[in-house]
There are 2 protein chains.
Amino acid sequence: MTAPPATAASSASEAPKRKAPDAATATALKLFVVLARAQRAIHERTQASLEAHGLTGTEFAILEALYHKGPLLLGEVQRKILVSSGGITFLVDKLAERGLVERKLCPTDRRARYAALTRKGETLMAAVFPGHAEAICEAMSGLSRAEQKQATALLKQLGLSAASQGGKA
Amino acid sequence: MTAPPATAASSASEAPKRKAPDAATATALKLFVVLARAQRAIHERTQASLEAHGLTGTEFAILEALYHKGPLLLGEVQRKILVSSGGITFLVDKLAERGLVERKLCPTDRRARYAALTRKGETLMAAVFPGHAEAICEAMSGLSRAEQKQATALLKQLGLSAASQGGKA
DNA sequence: ACCGTACATCTCACTACTAAGATATTAGTG
DNA sequence: CACTAATATCTTAGTAGTGAGATGTACGGT
């Protein structure tokens, strides 16, 4: 998995060669930059524990969903991890080649396929998951638990608001 | 630019089929998920204003850096927007093909090249930047200014801490 | 002047996706 | 039952990058 490129951190304050954005804009731009940077830093820190097992973050997300929820329709997995329909086919193909998941027929809808962890996939997740959770804890350790909860509340509000501003338009 | 795939939102509370993670871990995992989701939502919302001009987010980040700072060495741009060395060559090539930037020799170091906006690139940025800043403001409007500042402070602390936890190791 | 190390950029092969459209199946309507 | 619209997955071609290594260049020490 790749981390998103960062936006240049300059906008708000360093060298306002052309414009002095009003204060509200400056506040929003600053949040935009630190959000991108924080996400990137956390992302890089936590992917290391997955790479050691030969998994990308997206692959792990699929396995994790199946691990915690049991077999799921491909479409359900797709909506959960937010990749394209072509992407989920490709990713499940690769995981199936490695023997970690298998496709199963859906008895009530012959268009649909389930993805399910194999024994091998379960074993892998049991080995990988605790270390990954710990890596996330460590990556977040710059904030106290109270601060983490505060940040979670703010980000949830922000994310829901942004997501509802037009879905895909 | 592509948004990073989301992690399955399930880990913390929905169907703890196998494990009841301790409370500190649950807090960190939850923050991990909402951080990824918020970043993704904001990202999608704000890229729309760039796509209308045929720019990816990364391309815009390069142009923005040059717009606000003037000509920069390729290496400086690279560090600012966090892409690989191969990536910055590729991206500047594409922007140069479109006549938005040009390479210039560095008089004091013949290994180095400057990237600089052309007249056309400046014009484009003057047209694109205000709308993009406004899109960011709107995307952030789910939080009040005070909340935005609070979130910025928390995320800055989180990002710096995570980034210093091993740089690349 | 000459060496070795450290850069700055570029080249090339590869990866992890996305978007659009094809195919197969289901469900609803008259 | 035939027809249509909606779904679920797969196929194909293309994109935005990464990473390793190849040049070409700079500079401190000798």
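Letters go in sequence order (proteins before strands), and every chain restarts at 1.
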Nearest nucleotide by nearest heavy atom, which residue falls closer to the 5' end of DNA chain D, Arg110(B) or Tyr114(A)?
Tyr114(A)
Rounded to the nearest angstrom, tell me the gap between atom CZ in Phe90(B) and atom P in dA13(C).
15 Å
Tell me whether the OP1 or OP2 atom of dT26(C) has a side-chain N or O from Thr108(A) closer than 4.0 Å.
no
Answer yes or no: is there a donor N or O on one side and an acceptor on the other, between the side chain of Thr123(B) and the main chain of Arg119(B), under 3.5 Å?
yes
Ignoring hydrogens and angles, tell me if any N or O in the side chain of Arg45(A) forms a donor-acceptor pair with the backbone of Ala162(B) under 3.5 Å.
yes
Rounded distance in Å - CG (Leu95(B)) to C1' (dG17(D)):
14 Å
Can a donor-acceptor pair be found, under 3.5 Å and without considering hydrogens, that links the side chain of Gln157(A) to the backbone of Gly142(B)?
yes
Which listed nucleotide (dT9(D), dT9(C), dT18(C)) is nearest to the side chain of Thr89(B)?
dT9(C)
Figure out the CG/C1' separation between Leu91(B) and dT11(C), and round it to whole Å.
15 Å
Any Ser85(A) side-chain N or O less than 4.0 Å from OP1/OP2 of dA8(D):
no
Tell me whether the count of non-hydrogen atoms from other residues, nucleotides or ligands lying under 6.0 Å of CZ in Arg110(A) goes above 12.
no
Compare the minimum distances between each of dT25(C), dA16(C), dC10(D) and the side chain of Asp109(A), then state the nucleotide with the smallest one.
dT25(C)
Bend across the helix from dA1(C)-dT30(D) to dG30(C)-dC1(D), to 10°, with axes taken over 5 pairs at each end?
20°
Name the nucleic acid region contacted by Gly86(B), choosing base, sugar-phosphate or nothing; use a 4.0 angstrom heavy-atom cut-off, strictly under.
base
Does the His68(A) side chain pair with the main chain of Glu64(A), one donor and one acceptor, at a distance under 3.5 Å?
yes
Separation of Glu44(B) atom CD from dA19(C) atom C1', in whole Å?
14 Å
Classify Gly87(A) by what it touches in the nucleic acid, base, sugar-phosphate, or nothing, heavy-atom distance under 4.0 Å.
base
Considering only side-chain heavy atoms of Ser84(A), which listed nucleotide, dG17(D), dA19(C), dC10(D), is closest?
dA19(C)
Please check: side-chain N/O of Gln165(B) versus main-chain N/O of Glu138(A), any donor-acceptor pairing under 3.5 Å?
yes
Please confirm whether the backbone N or O of Met140(A) pairs with a side-chain atom of Gln148(A), one donor and one acceptor, at under 3.5 Å?
yes
When rounded to whole Å, the CG to C1' distance for the pair Leu73(A) and dC10(D) reads 16 Å
Full working for salt bridge (Lys or Arg N to Asp or Glu O under 4.0 Å) between Lys80(A) and Glu76(A):
CA-CA 6 Å; Lys80(A) 198 168 285 297; Glu76(A) 293 174 326; over 6 Å; no
Does OP1 or OP2 of dA16(C) have a side-chain N or O of Lys94(A) closer than 4.0 Å?
yes
Using only atom types and a distance under 3.5 Å, with no angle test, would you say the side chain of Lys69(B) pairs donor to acceptor with the backbone of Val77(B)?
no
What are the atom names and distances for every N/O pair under 3.5 Å that joins the protein to nucleotides 1-7 of chain C?
{"unit_1": "dC7(C)", "atom_1": "O2", "unit_2": "Arg111(B)", "atom_2": "NH1", "d": "2.6"}

For dC10(C), take OP1 and OP2 only and decide whether either is under 4.0 Å from a side-chain N or O of Arg103(B).
yes
Rounding to a whole Å, what distance do you find between Leu82(B):CG and dA16(D):P?
19 Å
Between Arg113(A) and dA8(D), is there a contact of a side-chain N or O with OP1 or OP2 at under 4.0 Å?
no
Name the orientation class of the two ring planes belonging to Phe129(B) and Tyr67(B) (parallel below 30°, tilted from 30 to 60°, perpendicular beyond 60°).
tilted
In whole angstrom, give the distance that lies between atom CD of Gln47(B) and atom P of dT15(D).
18 Å
When the distance from CD1 of Ile81(A) to P of dT18(C) is rounded to whole Å, what number comes out?
9 Å
